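As structure tokens, the structure follows; a few thoughts come after it.
As the structure is a computational prediction, the values presented were derived from the model and not from experiment. Below, each value reflects all heavy atoms present in this structure, side chains not excepted, and no hydrogens, waters or symmetry copies. Below, chains carry the letters A, B, ... as their sequence lines are ordered, and counting in each starts from 1.
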Amino acid sequence: MNIFCPLNKYNQLPVIFELKMMRYSRTCNIFRVWRRFSSISAESVPVTESITNDIFRTNESNPVNHRVEHNSRFYSISEPVKKQLFAGGGLPKEYQSLSETLNGLCIMVRKPAIELIHYLNKTNFDAPVLRYVLYGKTGVGKSLSLAHIVHYGSSAGFVLVHVPWVPKWFQYVKVATPSSVHANKYDQPIEAVEWLKHFSTQNGHLLDKLELKTSNTYTWSKREVTAEGSPLSELIDLGLNRAKYATGCIVALLDELKKAASSKQCRVLVVIDGFNSFFSRKSNVIREDKSMVLPSDFLLTDALLSLTRNDWNNGAVVVSVDPSAHPPELRESPLPRYLLGKTGFEHLDPFVPIEVQNYNDKEFRSQIDYYIERNWLQQPKARTDNGRAELSFTSGKHPYSLMRLVAPY
Amino acid sequence: MAALREVLNFNSKCFRGVRSYFCSSPAFQYSSLSPNNASSNVQKLDFEESDTKRMSKAMKSYMERAKIHDNFIKEQLHQYNIGKRHLANMMGKDPEFFTQHDVNEAIRYLFPSGLYDPRARPMMKHPDEIYPKRKAAEFDMNGRPFHSLFYTSKPNYYNLLHDLAVKFKQLDNHEDKMIYRGIQDQQASELFLFGTDWVSKESLESVLLESLTDSQYSNLIKTMERFAQHRYAVREKNFIMQFRHQLAAQTEIQKIPELTRDESNRPFTTFSARRKRSNAFVKVIGEGTGLISINGEDILYFKRKQDKEQIIFPLEFCNMLGKVDVVATCEGVGMSGRVGSIRLAIAMCLRCFVDAETIERMRLAGLLSYDPRERERKKPGQPGAREKFTWKKR
């Protein structure tokens, strides 16, 4: 039984234009009645048009097996995996809170990720590491593609070196101290400890299994020494306990991993979001003489730039460049050459560029189906072709815009 | 309105209000006021003489003022005509055929003005249009008014009502005659008032040269309505039509632009629209896939949800969302103005692609009307257009 007003020509009008249809006072009342019922659950809402018969989900929850057939489908990530991989960051905040509301983290399998997974599966690990650069406008799905790759790396047995969002290291630095290891460089003790925690959560079990050992002696102070041949976990623990040496620990750790990978002890996947921030010209750290500390003056930058060089093998480097990782003056173009600048481009060159685009029709439909099924889109009109068209054109099929468009706030 | 003035003279021989505008009032003459005036034709009693003496002074000054005004207007008219001829000579045109339109063009050329309000710019017009009309003398030298309804203080208005009553009577008499003869429907053709509306209060005031209250105006209109509904009202069609004006032509809206074909043989149409100091130039191309391009970017050129919805609104309304492509360029200060101008332009273009019923629906929805609202001026002594400074009692 359809408890709402019967369909007439005025019902074709979008509900969101209710405010503009002031002359149609009669229909305004109808639409206001409609809205009052909008918070009821999915079962009692009469379906004016059935949800598409396309399946927008897939059961394949191991990203190693994701292929072209899974394109535009959602796969779910279980709670323990999510905690392990993304506790230290990696999912965009809004997406994370949305996934909590919608009762489960689901990521859409999209072309960039499928392409990357295909390449990573087929990589010749004896050759020097290949660098992949994801690029695209802000809000188009790069971070989520990287999150997908992080899950893939974890499932495929890579040691993950995952930096969730590089600008956090430079634009919101809590404390910066002159480095104990390097004379002219700066430490970021708090950020370093955070990252070490994130690293150990992501890779803890794998490191125990691999039993990697240091190849050098690291002298931190008169009393603190990490001897050669000690397990890497000792290095990590030292960094976690002693914030002063945390950055140095990271440098040492990444160096060790590089050597370990080259000597075939493990396979390393480097995933960095917002890579262009390393080449940005701003940070929030100012010296006493009011001069700004550039990102290139930080020790962590050196460490990661060394890791993303192609002078090692048995691994892969997946990186994203985003305009929002730069200060507002440098956001003119989303293309890698502009965002990386000359130094960055020369550092990464040659790389494989992978563009992340707006949703195509199939992906968009799938996204709307997901929202409807999760009862996030409750208006009956969302199920109609007209409603979908309206959402599609108002959001421009831009993933982030769509999310904000259907948000209640 | 000139014809209307003629009508006002109907049945009122004493009414000289407007017609005698240019000529000095004919009725009274400056007869000398000396008591020994032998040429005076009017026999005066003693008390009358003193009254006329007293009233004459007031009358005299009134008369002088009226005469001065008349002369002034004559002078202005003379200046205007001479000025027109000078202008014609300056512009190299024939003075005999120099119209008001030509005068306006000449003034605009010779005195270019950057002022915003058209009424503040230099102008040269017939004195009639510049100087407010006055009634000529309404009473003679003895103080006796010409119009029988003078003491109503709105003689022209009440005169009009009186005329209506008389005409009503006449029509009733005519109807009686027709009924008596048994030829009722012979002359009863319908008075076709569609597309016209009663004149406004302001226009009536300017013709009658009297200010009317709202109730007086509505009273007059009601009387007119009753009159127009009379069976034989068509006999007084000319009289009634003088009080009705043509409504804004629907023909403007029906001028739908044409569809032309571009290089790839797709039909398209263009329209440019304005809203609040912004302009938009929009091209809507049929047989499309729903691409929207604004200044080279997609719809995310506009950051606000309401702006994006405004662009989509006309397309959604006509169910043309995936069927046409829109290429728009906009310029001007302010996002809201740009968005409104694009929306209007899209709606105007879509008229070519939809049927008449949808066009009518669009018109009712307000998609096809130009939004004339502009930012109101900030006034001195106030922080904003309407906002006032905090009122302090002391």
When you look at [atom1] of [X], are more than 12 heavy atoms from neighbouring residues, nucleotides or ligands closer to it than 6.0 Å?
X	atom1	answer
A:K93	NZ	no
B:R304	CZ	yes
B:R266	CZ	yes
A:R281	CZ	no
B:K237	NZ	no

Please report the closest heavy-atom contact between A:N386 and B:E316, naming both atoms and the distance.
-> O-OE2, 4.0 Å
B:R226: partners by side-chain hydrogen bond (donor to acceptor under 3.5 Å, both in side chains), with sequence neighbours left out =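 So B:R226 forms no side-chain hydrogen bond (donor to acceptor under 3.5 Å, both in side chains) with any residue.
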For A:K168, all residues meeting side-chain hydrogen bond (donor to acceptor under 3.5 Å, both in side chains), sequence neighbours excluded |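 A:K168 satisfies side-chain hydrogen bond (donor to acceptor under 3.5 Å, both in side chains) with A:E194 only.
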Sort A:S392 into side chain, backbone, both or neither according to what part of it lies under 4.5 angstrom from a heavy atom of chain B.
-> neither
Does A:F393 reach the side chain of B:I292, with side-chain heavy atoms less than 4.5 Å apart?
-> yes
Roughly how far, to the nearest 0.5 Å, is the OG1 atom of A:T394 from the CG atom of B:L321?
->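 Answer rounded to 0.5 Å: 7.5 Å.
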Residues of residues 294-303 of chain B with a heavy atom under 4.5 Å from any heavy atom of chain A, in residue-number order, are B:D298, B:I299, B:L300
Not counting sequence neighbours, which residues clear side chain to side chain contact (heavy atoms under 4.5 Å, CB included) with A:L335? List them please.
->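 Counting only residues at least two positions away or on another chain, A:L335 forms a side chain to side chain contact (heavy atoms under 4.5 Å, CB included) with A:Y135, A:S333.
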